[in-house]
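For this chain, numbers begin at 1 and follow the sequence in order. Values in this document were obtained by computation on a predicted structure and should not be read as measured data.
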Amino acid sequence: MSEKPTQSLSLDQDIDQDTLCRIQARLAHITQLWTAGKPFFPRTLLEDLNRQIDEGAEEVYINDLDDVSQKYSLKVPSWCSDFASSTYRINYSSIQHLGHLTPICPELALRNDHTPVSIVYARSVLLPYCSNLEQVRARFIQTRDLWLASSTYRDLNRIISTLPLNVPITKIVCFALGTLAPLDDLDSEGSVSLDNSSNASPISCSFAWHVTRAHVQHAAVETIRTALKNRGMLGPLGVKCYAQDPAYDTVDCEFLASIDITVLDDPKGFLEVDANTLVVSVSPNVPVRQIVADVQWPAAMVWNTVALVEKETEGWVKNVVENGKVRWLSPFTTDPDCARVRNMIKGYASATLDDANDFFGDMTIYMK
């Protein structure tokens, strides 16, 4: 993907030439800092933000790319609560998001919060058909059986067991594996029911498969831990497992603790990554790979395949939907790779996962 700022674009609104020039100058400055090697997600910045949150501050200070401290409220402002925002979130912006002119509100590039790490406000996610601990446990056991009988399991187990690894693993840190609590694809007897019939709602089927994938991906963490143990590549005290996902609720935390996975609040998951960590990340909504590349190169990663060469972006796509409403489709994923990530993986052996069961998508295992 191109990491150079886009200089020409069909904008969604008219802006004057002076404003456009200032926007383009700002994007060029961001790209210059990136090219010069400035870390966008330094560990020290995340450590300081984590300290402020732990101290119970209502306001936090985060340095922008020019090392100017910007103030953010952790209490949802009244103007945001009017839009049903109920909590704050740490916002991580990739180089692609920061360094390209966008057709929607391009003036946002001139704001102080157009920076790699900021605070935004969001609605707490209320998922349908949430369940209790015993329901989640029963569902997980059933789905784990589905996982252990799959060809994807066999290939992941083979790769983790045989791919060259010269660094002992003391931690597994997971990102974006999804909540386990919604159970809307269970039938009346509590069995997994994936209805692909013509009478099934496409939305329901899609959500049902998302639930199954979340359970499978957590079961895969057990597979990874066992495979590492069997090959003698754990640290002397074994391996600790952590998971970070804003979608986790209290039932998730309680169940995951029962299978020796500790749930961490953002940004603690990133701060747990060290040179003896295996990172697991599946299609996150934040640029996990770019963050990890700045924070710490780990011992191993199981995450979306990194393109070996830079791909040219096709540009934003204008899509006119019902009632003439215009929707712009971004050419970038929420977890794009980049030159820094490609440089990092040069030091790793790799193998692409054969995911015939579509539990993960396009995934590769990287090991030092």
Side-chain angles (χ1 to χ4, degrees), residues 1-3 41 94-96 147 150-177 213 216-235 239 241-243 269-270 272-284 286-312 332-368:
M1 295 180 181
S2 172
E3 294 159 21
F41 308 100
S94 67
I95 177 58
Q96 286 83 355
W147 161 245
S150 71
S151 62
T152 304
Y153 156 76
R154 291 190 293 273
D155 199 52
L156 179 64
N157 187 59
R158 176 189 63 81
I159 294 172
I160 297 295
S161 299
T162 60
L163 195 66
L165 176 61
N166 300 308
V167 180
I169 304 294
T170 60
K171 299 178 190 175
I172 299 174
V173 179
C174 310
F175 299 96
L177 300 190
R213 290 181 70 166
V216 163
Q217 289 163 15
H218 287 87
V221 176
E222 294 184 321
T223 298
I224 293 170
R225 179 165 50 190
T226 300
L228 290 172
K229 180 180 179 180
N230 290 340
R231 69 183 293 184
M233 290 306 297
L234 298 182
V239 62
C241 290
Y242 301 97
F270 295 115
E272 283 293 341
V273 177
D274 61 20
N276 295 102
T277 297
L278 184 148
V279 173
V280 180
S281 175
V282 185
S283 301
V286 298
V288 167
R289 294 179 295 180
Q290 294 188 17
I291 298 169
V292 169
D294 272 354
V295 169
Q296 172 68 58
W297 292 9
M301 300 86 72
V302 179
W303 62 21
N304 298 98
T305 302
V306 178
L308 297 180
V309 295
E310 183 176 332
K311 296 180 180 178
E312 288 297 325
F332 310 118
T333 68
T334 52
D335 183 30
D337 50 37
C338 64
R340 290 184 185 179
V341 175
R342 283 189 289 273
N343 182 57
M344 180 179 73
I345 65 167
K346 290 178 181 178
Y348 293 76
S350 65
T352 301
L353 179 66
D354 183 3
D355 184 21
N357 304 99
D358 192 30
F359 289 137
F360 299 90
D362 183 17
M363 301 287 288
T364 293
I365 295 86
Y366 302 88
M367 289 185 169
K368 278 189 179 179

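With rounding to the nearest 0.5 Å, the separation of CE in Met233 from CG in Asn276 is 9.5 Å. In this structure, the separation between CD1 on Ile169 and CG on Leu278 is 5.0 Å, given to the nearest 0.5 Å. Residue Thr352 holds its OG1 atom at 10.5 Å from CE of Met363, rounded to the nearest 0.5 Å. Rounded to the nearest 0.5 angstrom, Ser151 OG and Asp355 CG are separated by 8.0 Å. Ile224 CD1 to Cys174 SG: the interatomic distance, rounded to the nearest 0.5 Å, is 7.0 Å. Note that CD1 of Ile172 and OG1 of Thr277 are 9.5 Å apart. Values are rounded to the nearest 0.5 Å.
Within the 4.5 Å cutoff, no side-chain heavy atoms of Arg289 are placed close to those of Val279. With contacts defined as side-chain heavy-atom distances shorter than 4.5 Å, the pair Ile365/Leu156 qualifies. The shortest distance between side-chain heavy atoms of Lys368 and Trp297 falls below 4.5 Å. Looking only at side-chain heavy atoms (C-beta outward), Ile345 and Ser350 stay at 4.5 Å or farther from each other. Using a 4.5 Å heavy-atom cutoff, the side chains of Phe359 and Ser150 are in contact.
The closest donor-acceptor contact from the side chain of Asn357 to the backbone of Thr152 lies under 3.5 Å. Here the side chain of Asp335 pairs a donor or acceptor atom with the backbone of Val288 at under 3.5 angstrom. Judged by distance alone, with hydrogens and angles left aside, the side-chain atoms of Gln96 form a donor-acceptor pair with the main-chain N or O of Asp337 at under 3.5 Å. In this structure, Tyr366 contributes its side chain and Met344 its backbone to no donor-acceptor pair below 3.5 Å. A donor-acceptor pair is defined here as one N or O able to donate and one able to accept, closer than 3.5 Å; no such pair exists between the side chain of Asp274 and the backbone of Gln296. In this structure a side-chain-to-backbone donor-acceptor pair under 3.5 Å is missing from Asp354 to Asp155. Side chain of Gln290 to backbone of Ile95: a donor-acceptor contact under 3.5 angstrom is found. Using modelled atom types, one side-chain atom of Asn304 and one backbone atom of Ser283 make a donor-acceptor pair closer than 3.5 Å.
The shortest non-hydrogen separation linking Asn157 to Ser161 is O-OG, 2.6 Å. Across all non-hydrogen atoms, the minimal contact from Ala349 to Leu163 is O-CD2, 3.7 Å. Smallest separation of non-hydrogen atoms from Pro287 and Phe41: CG-CZ, 4.2 Å. Residue Arg225 comes nearest to Cys241 through the heavy atom pair NH1-SG, 3.3 Å, listed as atom of the first residue, atom of the second, then distance. Closest heavy-atom contact between Ile160 and Met367: CD1-CE, 3.6 Å.
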Criterion side chain to side chain contact (heavy atoms under 4.5 Å, CB included) on Thr364 and Val306, from CA distance to verdict:
CA-CA 8 Å; Thr364 293; Val306 178; over 6 Å; no
Assess the residue pair Thr162 and Arg231 against the criterion (side chain to side chain contact (heavy atoms under 4.5 Å, CB included)); give the C-alpha distance rounded to whole Å, side-chain angles, the decisive distance to 0.1 Å, and a yes or no.
CA-CA 8 Å; Thr162 60; Arg231 69 183 293 184; 5.8 Å; no
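Listed by chain and residue number, Phe270 satisfy the ring-ring contact (aromatic ring centres under 6.0 Å, His included) test with Phe175 (two or more places apart in sequence, or in another chain). Remark: Phe360 pairs with Trp147 by the ring-ring contact (aromatic ring centres under 6.0 Å, His included) rule, at least two apart or across chains.
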